[in-house]
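Structure record follows, encoded as structure tokens.
Sequential numbering from 1 along the given sequence is applied to the chain's residues. As the structure lists them, so they are numbered: ligands from 1, and atoms in each ligand from 1.
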Amino acid sequence: MVTAYDYTSALLADRAGIPMILVGDSMAQTMLGFEDTLPVTVDDMVRHTAAVVRGTEKAFVVADMPFMSYQASTADALRNAGRLLKEGGAQAVKLEGGGAAAIETVRALVDAGVAAMGHLGLTPQSVHQLGGYGVQGKTSAAASALIDAAMELEKAGAFALVLELVPAELAREVSERLTIPTIGIGAGAGCDGQVQVWHDLLGLSVDFTPRHAAKYAEVGATVLDALRRWADDVRARRFPTDAETSHLKEPLDLGSKTLTPPD
Ligand code: KIV
């Protein structure tokens, strides 16, 4: 699974044969320039999900439920998940957390016919409660609580589970205990699948790339170089050349003047 937030990226991910695209609320940071994922709205998610779906032929599209679109009530969760499916065209939603309320919400969504993906470990919507973006599940108590929550999410009907920033040994243990697939990010090689953020994977995160991300390209550097060379060519009047230009085929009479085609 890879994140994508727009039509062109989705088209490329789909053509690359990646089976699942996540319209992540990481969009708040990667696309909208916010500090964290909290400000992204359901309207933002619906619009970007619809763009991703338009670029997708085969991939299964999962849309993140934004902060406070599902925590306050089950009714909110159902209404907002409904929007992501009906207006955005997503095939599933993802929501963070493994507390009793999150598990009940997953159950309610699944009862209503919505495919729901869970997300445990580092849950970025709780960044202020967690005190940052550190690795989770490092004590026996935290690890046991995470395993219990994973089992409860599976029982509630979640069809898959993202494990973000947890020790590899714990992620492997969870993956072995569950029958649904785990999808890891910074959770080691023992998960059933892996997810990466588009900008991290492709070298588009200009100022910071997290340790768990391997850059498979330097797209940011390529774009920067292309933009600089183009701007230099414009300033030096090397662009446009005749190849990018159209000319008159017949003379144009402007009254006081006639414009003529080139020889
Ligand atoms: O929003 C996101 O990009 C995510 C991934 C990190 C799993 O939730």
Report task. Go through Val127 and Leu38 one step at a time and tell me if the side chain to side chain contact (heavy atoms under 4.5 Å, CB included) criterion holds. Result -> CA-CA 9 Å; Val127 59; Leu38 275 59; 4.3 Å; yes
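Nearest residue to atom 3 (O) of ligand 1 from Ala4, Gly184, Ser26, Gly24 is Ser26 (criterion: closest heavy atom).
Side chains of Thr56 and Asp14: a donor-acceptor N/O pair is absent below 3.5 angstrom, by distance only.
Set against the non-hydrogen atoms of Glu164, the atoms of ligand 1 under 4.0 Å away are 6 (C). When each atom of ligand 1 is checked for a heavy atom of Thr3 under 4.0 Å away, the hits are 3 (O). Remark: ligand 1 atoms within the under-4.0 Å shell around heavy atoms of His119 are 8 (O).
Residues Asp36 and His128 form a side-chain contact, since some pair of their non-hydrogen atoms from C-beta on lies under 4.5 Å apart. No side-chain heavy atom of Val42 sits under 4.5 Å from any side-chain heavy atom of Arg79. When side chains are defined from C-beta on, Leu163 does not count as touching Ile183, because their heavy atoms never get closer than 4.5 Å.
Looking at Met27 against ligand 1, nothing comes within 4.0 Å, counting heavy atoms. In Asp25, the parts holding a heavy atom less than 4.0 Å from any atom of ligand 1 are both the side chain and the backbone. Residue contacts with ligand 1 for Thr37 are absent, since no atom lies close enough (heavy atoms, distance under 4.0 Å).
Ranking protein heavy atoms by distance to atom 4 (C) of ligand 1, first place goes to Leu22 CD2, 3.5 Å. The protein non-hydrogen atom at the shortest distance from atom 8 (O) of ligand 1 is Lys94 NZ, 2.8 Å.
Between Glu152 and Lys155 there is a salt bridge, since at least one side-chain N of the basic residue sits less than 4.0 Å from a carboxylate O of the acidic one.
The shortest N or O to N or O distance between Tyr5 and ligand 1 is not under 3.5 Å.
With sequence neighbours excluded, the residues satisfying ring-ring contact (aromatic ring centres under 6.0 Å, His included) with His199 are Tyr5.
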